[in-house]
Protein chains: 2
Amino acid sequence: MTIKDVARAAGVAPSTVSYVLSGSRKISAETGDAVRAAIAELGYHPNAGARSLRSTRTNVIALSLPLPSRGYLPVGGRFMYGLSEAAREHGHDLLLITAGDGGSGLERVARSRLADAAVLMGVEMEDPRIDAMRGLGLPVALLGRPADEAAAPWADLDWAAAAALAVRTLHDSGHRRIRYLATVEADIRTRRSYSVRGIDGARRAAAGLGVSAPVHPSSPDPAELARRIDALLAAPDPPTGLAVQHPAAIPGILRHLSRRGLEVPRDVSLIAIGNFPEDLGGLDTTRIELPVPEMSAAVTRLAVAAASRSDSEAPDPGSGILIPPRLTRGGTLAPPR
Amino acid sequence: MTIKDVARAAGVAPSTVSYVLSGSRKISAETGDAVRAAIAELGYHPNAGARSLRSTRTNVIALSLPLPSRGYLPVGGRFMYGLSEAAREHGHDLLLITAGDGGSGLERVARSRLADAAVLMGVEMEDPRIDAMRGLGLPVALLGRPADEAAAPWADLDWAAAAALAVRTLHDSGHRRIRYLATVEADIRTRRSYSVRGIDGARRAAAGLGVSAPVHPSSPDPAELARRIDALLAAPDPPTGLAVQHPAAIPGILRHLSRRGLEVPRDVSLIAIGNFPEDLGGLDTTRIELPVPEMSAAVTRLAVAAASRSDSEAPDPGSGILIPPRLTRGGTLAPPR
DNA sequence: CTGAAAGCGCTTACAG
DNA sequence: CTGAAAGCGCTTACAG
């Protein structure tokens, strides 16, 4: 089942079938209809290998996944769905590249021309993958905002604004003893963008409000996290408001507070940053949700644009798309007693 | 950067480079070394499109994802990681196919020869994708055990045995009023394999033990699920033991029981089936975990085998790999009062 | 408005 | 033990 079969069935030349498919040439209505009818009847789909060999376009986007940090995994799954559907809307498929093969995966994809562009997930402030791909001719789009915002096109939730919104909302509600529970240490250490920017946003917001909001890293180990919360509560000025950027930890934190006899929001208020309602299992939490569909659509658009730019050798405008945070009211926020 | 460049650098013919790469011909040590040195120095990777056009092998495995049911999503992410890494170990990459484009995605992949084989996730007892792919020449391997076990190679946790193990463990512990909280209704209605087999295993085990263990569907809505649990507890013979096959619901269930003043395991025992320790957020639950790495490795092996079989036109042995359940002891099981 | 032909980068019989 | 050549199924200048 090749383009020749379609051409024979429609009574035209193979090249005419190709032109009907690509739309890059004016075709008479009758010819076009005959070709389309033959394609539909035979169920013809162009051979992907032949097409990519000839045209140097694969219609595939590679997704470079970070090493699965324990806190990040459930989020990764949503993005894979979101990105895959967004890619389809642009006529592309999504190829998964795990960091498991030592970062060489992306280079392999670039050199063997398996994809037209790559979306990088788990972006670090200074992400080595950006420079690595520059020389290899694989355009990238970042799901995360790097330190050098002109290094590559990127899309991200405005984590700094999200953290600031959480701190400001607690402050507006009357809280003065606020703590910022950041992402897990591993993410801070590797300078994951959402991690660094969240902390930064929280600190700036606190400074702007003239309030103190010390930052504490979270832990993937619930028992260890519980110990840290105990330490906070045992301090001379225990917090009345918590902003938490570690989504997976929310249920455990609420359980621990309740075990300690603290009622939320009567004794402690809490705002969750960057999570999904589903992951909260019915907990009615005041929160800033992670806008996965918007982020997926935005970064995919950038990746597709970068891929076609690489055809025309046009310079990379280095655009960034910042998605503003939105607060969802829930039952974990109240004025301090 | 093509095979010709490597050939020139090594002072041999392009075909010789190809033979060194494939290992399908005896090559002298010197020639082989020269070629390998040139490949390493130039950073050569064969063009994927050219290779697949010529050899009809893509070294890509397609992953057909089910529609993201709310209960299943976090699990999907783990499998994507697990399958991607397993595929790499066999020299393959993983291409994501979402059900979003109406099931046509797999057919498109088959007809355009984008992949050598497909792994089907979210398998139903009578899964239409199996027959659909048979005529299209895309070999499949199922991540789930279908009703017709000879229809295609498959790998799965033994959900029937898992459910039976949970019921039996409760029974051994002294429980006689047991309830089986199955998967969400949508999964039962579409006859997802894990759902049907779990229910079946629970019923058989209960019958074998001469105990009654009525089955109740779970709900993706925590409030609705809470109402159903209330109904169970308000019945004349309230349960002392619950087996729950809806992983995402465990934290919510435990919270609801505690809100009702019931202590676990003093008043009610609970065994969770098919979840991840990470998703429990530190809850020390007696459970049967989902063996994602084993399942991923097994189904990938089957997919790769099916792909090479399709080259040699050998018949499909229709093998099935059943992974036995393992109980992890936790703090939610005790004899009834 | 349409067709014949070249060629993308590989693999693999054919030949020596 | 190695090479020259054909051809996989497309796309796209070239030609009319």
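In this text the structure is predicted, and so the values were computed from the model without any measurement. Convention: sequence-line order gives letters A, B, ...; per-chain numbering from 1.
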Test item: A/T58 side-chain N/O and A/D116 main-chain N/O as donor-acceptor pair under 3.5 Å: yes

As its Watson-Crick or G-U partner within any shown strand, both distances under 3.5 Å, C/dA15 has D/dT2

Output the rounded distance in Å from CZ (A/R111) to P (C/dC10). 13 Å

Any donor and acceptor pair, going by atom type alone, linking the side chain of A/R111 with main-chain N or O of B/G43 inside 3.5 Å? yes

I'd like to know if the side chain of B/S18 reaches the main chain of B/P14, judged simply by a donor and an acceptor atom lying under 3.5 Å from each other, with no hydrogens or angles considered. no

Distances under 3.5 Å only, N/O to N/O: pair up the protein atoms with those of nucleotides 5-9 of chain C.
residue : atom : partner : partner atom : Å
C/dG7   : N2   : A/R54   : NH1          : 3.0
C/dG7   : N3   : A/R54   : NH1          : 3.2

Could you tell me whether B/R113 atom CZ has more than 12 heavy atoms of other residues or ligands within 6.0 Å of it? no

So, OP1 or OP2 of D/dC1: does either fall under 4.0 Å of a side-chain N or O from B/T31? no

Is there a side-chain contact between A/S18 and the phosphate of D/dT12, meaning an N or O under 4.0 Å from OP1 or OP2? no

Polar side-chain contact A/Y19-D/dA13 base: donor and acceptor under 3.5 Å: yes

Distance in angstrom units between B/L114 CG and D/dC10 P, rounded: 13 Å

Could you state the atom-to-atom distance from CG of B/N59 to C1' of C/dC10 in whole Å? 13 Å

Minimum heavy-atom distance B/L53-A/L53, with the two atoms named: CD2-CD2, 3.5 Å

Quickly work out the B/R8 CZ to D/dG3 C1' distance and round it to whole Å. 16 Å

Any donor and acceptor pair, going by atom type alone, linking the side chain of B/S64 with main-chain N or O of B/I97 inside 3.5 Å? no

Looking at the base of C/dT12, is there any donor atom on it, or on the side chain of B/R25, that sits under 3.5 Å from an acceptor on the other one? no

Over how many whole Å does the gap from B/H45 atom NE2 to C/dC10 atom P extend? 12 Å

